[in-house]
Amino acid sequence: MRYLVVSDIHGSMFYGGKIPELFEREQADELILLGDLYYHGPRNPLPEDYRPMDVSKMLNGMKETLVAIRGNCDAEVDEMISEFQFNDYVVKEISGKKFYFTHGHHVNIDNAPDEEFDAIVYGHFHTGFIKVSDGKIYANAGSMSLPKNDTAHSYIVIDDESMVLKDLDGEIIESINLK
């Protein structure tokens, strides 16, 4: 399996609209959405081409291939316009490792989950990175539409061999071997 992981679209059709192209270009089997899909949030500026309903239509068109995680800006009303379920977190085994996918506002590099894991992948902070600490992998997909701290608009690709953080042009920012 090959996973495309994106976070923090915040209703931007300009950036969110790139997801189907990224999915195809990366030859992904599944899209993992790490939350904050539609609403821009009270502390963020309006993202470019802010059209949450169009983002929902685009994601609904991919509902058979996606898993969605609820972010701190996602509300019950977001589930009403989505033809897919929102989860608090998702656990997957990839390359023999236990991956914990979440938004990041509760569980992150500074606040690990109670259960065992080999990797935590999250968003929320809008700053992409891949780090190893105490033998555990911590990765932030960054933000599709509103990156912070001079980081790129980014996403992550995970397969049995590696986890790769890329910018929207597909250029590698950071990577880690999973074998």
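These figures come from a predicted structure and were not determined experimentally.
Among residues two or more places apart in sequence or in another chain, the salt bridge (charged side-chain N to carboxylate O under 4.0 Å, His left out) test is passed with D88 by R70. The ring-ring contact (aromatic ring centres under 6.0 Å, His included) test applied to F129 returns no partner, not counting sequence neighbours. Partners of R25 according to the side chain to side chain donor-acceptor pair (under 3.5 Å) rule, which considers only residues two or more places apart in sequence or in another chain, are Y155. For K131, the side chain to side chain donor-acceptor pair (under 3.5 Å) test picks out no residue, with sequence neighbours left out. For D54, the side chain to side chain donor-acceptor pair (under 3.5 Å) partners are R51, not counting sequence neighbours. Partners of H126 by ring-ring contact (aromatic ring centres under 6.0 Å, His included), not counting sequence neighbours, listed by chain and number: H10. The side chain to side chain donor-acceptor pair (under 3.5 Å) test applied to T127 returns N149, not counting sequence neighbours. Under the side-chain contact (heavy atoms from CB on, under 4.5 Å) criterion, Y89 pairs with V91, Y100, T102, E115, sequence neighbours left out.
Listed by first and then second residue, the ring-ring contact (aromatic ring centres under 6.0 Å, His included) pairs that reach into residues 56-82 come to none, sequence neighbours excluded. Identified under the ring-ring contact (aromatic ring centres under 6.0 Å, His included) test for residues 160-179, with sequence neighbours left out: none. Pairs passing the ring-ring contact (aromatic ring centres under 6.0 Å, His included) check and including a residue from residues 21-43, sequence neighbours excluded, read H40-Y50.
When hydrophobic residues (I, L, V, M, F, W, Y) are linked wherever their side-chain heavy atoms come within less than 4.5 Å, the members clustered with M80 are V77.
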